[in-house]
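In the text below, chain A, chain B and the rest are named by the order of the sequence lines, each starting its count at 1. All figures in this text were calculated on a predicted structure; none of them were measured in a lab.
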Amino acid sequence: MEFLEFEGKTTEEAIENACDHFHLPAESLEIEIVSVGSPGLFGLGSKPAKVRAALREAPETDLLAEARETLENILAKMGETARVEARHEDDRITLSIESADAGLLIGKQGQTLEALQYLVSKIISKKSRRKVRLVIDIESYRARHSEALTQMALKYGEKVKKTGKPVTLNPMNPHDRRIVHLALQGDSELKTLSRGEGLYKKVVVYPVKKKEEPEDAGLT
Amino acid sequence: MKELIKFIAQALVDHPDQVQVKEIEGEQTSVIELKVAKEDLGKVIGKQGRTARAMRTILSAASTKIRKRSVLEIIE
């Protein structure tokens, strides 16, 4: 995006100048105010207001089409015949894949789906020059997966309460860990912590001892 | 397979014209060599190799379909 600077007595005037230059309304421009300027006193020491303006990036609908095409292209090159549907959901883009071979595209523990989502987000973020939140789903895997994680979290929660011993879960990505933390958040008898380094950390479920202090209170 | 990596790599880098992909086919395993401009090396590898790992994951899923193995090598 290339910014040009415009001046005016006031910021409004500077923006107007910018609009005249591009022959576009202010809504289609990305405008940053550099300095508001000052009117000065009796025409002395006055400073012009400065703004920087550039053409606003392609509208969101194009981004949606772009995201769909990118994913379709990748899938086609993987030898996959699939249909992709794109839509906006809150502030993110959701791409749903319809394919005969869902299992392959999901991969072990959703790895392949995760990889596709990561790469397509990266590509689209690069094209639109800002961070785009993008979710790729296939046969409502996301919903089923988070339901399964919640069930697993609750099951281990019960186990921890019964035995009074902490349980360490398998390494998970940040999104999955969040689901686990949220599932057990409301339980005052349990406490969850993430352990480890990097992207994949383990969630540890601890029992909260009632009267005496928990041994590893230092960890909280 | 070559086209797949080429498409993804070109969409990630700043100099798509300098992306070169070579496929060395073996009986069971193919090696795919990816070469990009020096400045773009980080873009195809990613933070802690995350981008490279994602490309390898997709590559192996695509290879399974044709009952082969593919290895992605990023060449400096």
If I take atom [atom1] from residue [X] and atom [atom2] from residue [Y], how far apart are they, to the nearest 0.5 angstrom?
{"X": "B/Arg53", "Y": "A/Glu114", "atom1": "CZ", "atom2": "CD", "answer": "11.0 Å"}
{"X": "B/Glu3", "Y": "A/Asn73", "atom1": "CD", "atom2": "CG", "answer": "10.5 Å"}
{"X": "A/Ile74", "Y": "B/Leu4", "atom1": "CD1", "atom2": "CG", "answer": "7.0 Å"}
{"X": "B/Lys47", "Y": "A/Leu199", "atom1": "NZ", "atom2": "CG", "answer": "9.5 Å"}
{"X": "A/Leu113", "Y": "B/Thr57", "atom1": "CG", "atom2": "OG1", "answer": "11.5 Å"}

Under 6.0 Å from the [atom1] atom of [X], do we count more than 12 heavy atoms belonging to anything else shown?
{"X": "A/His181", "atom1": "NE2", "result": "yes"}
{"X": "B/Lys68", "atom1": "NZ", "result": "yes"}
{"X": "B/Lys22", "atom1": "NZ", "result": "no"}
{"X": "A/Arg144", "atom1": "CZ", "result": "yes"}
{"X": "B/Lys65", "atom1": "NZ", "result": "yes"}
{"X": "A/Gln109", "atom1": "CD", "result": "no"}
{"X": "A/Lys201", "atom1": "NZ", "result": "yes"}
{"X": "A/Arg178", "atom1": "CZ", "result": "no"}

Taking all heavy atoms of [X] and all of [Y], pick out the closest pair and write down the distance.
{"X": "B/Ala54", "Y": "A/Ala115", "value": "O-CB, 3.5 Å"}
{"X": "B/Ala61", "Y": "A/Thr112", "value": "CB-CG2, 3.7 Å"}
{"X": "A/Thr70", "Y": "B/Phe7", "value": "O-CE2, 3.8 Å"}

Note, B/Leu59 side chain near A/Met78 side chain (heavy atom, < 4.5 Å):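 With C-beta onward as the side chain, the pair stays apart.
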Heavy-atom side-chain contact between A/Lys77 and B/Ile5 under 4.5 Å: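 No, side chains not in contact.
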Please look at [X] and chain A and tell me whether the side chain, the backbone, both or neither of the residue comes under 4.5 angstrom of a heavy atom of that chain.
{"X": "B/Gln48", "value": "side chain"}
{"X": "B/Val44", "value": "neither"}
{"X": "B/Thr64", "value": "side chain"}

Closest-packed option against chain B by number of heavy-atom pairs under 4.5 Å, given A/Ile124, A/Leu116, A/Val120: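 Looking at each of A/Ile124, A/Leu116, A/Val120 in turn, A/Leu116 comes out on top.
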Top contributor to chain A interface from B/Arg50, B/Lys6, B/Lys43 [non-hydrogen pairs under 4.5 Å]: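 Counting heavy-atom pairs under 4.5 Å, the top option is B/Arg50.
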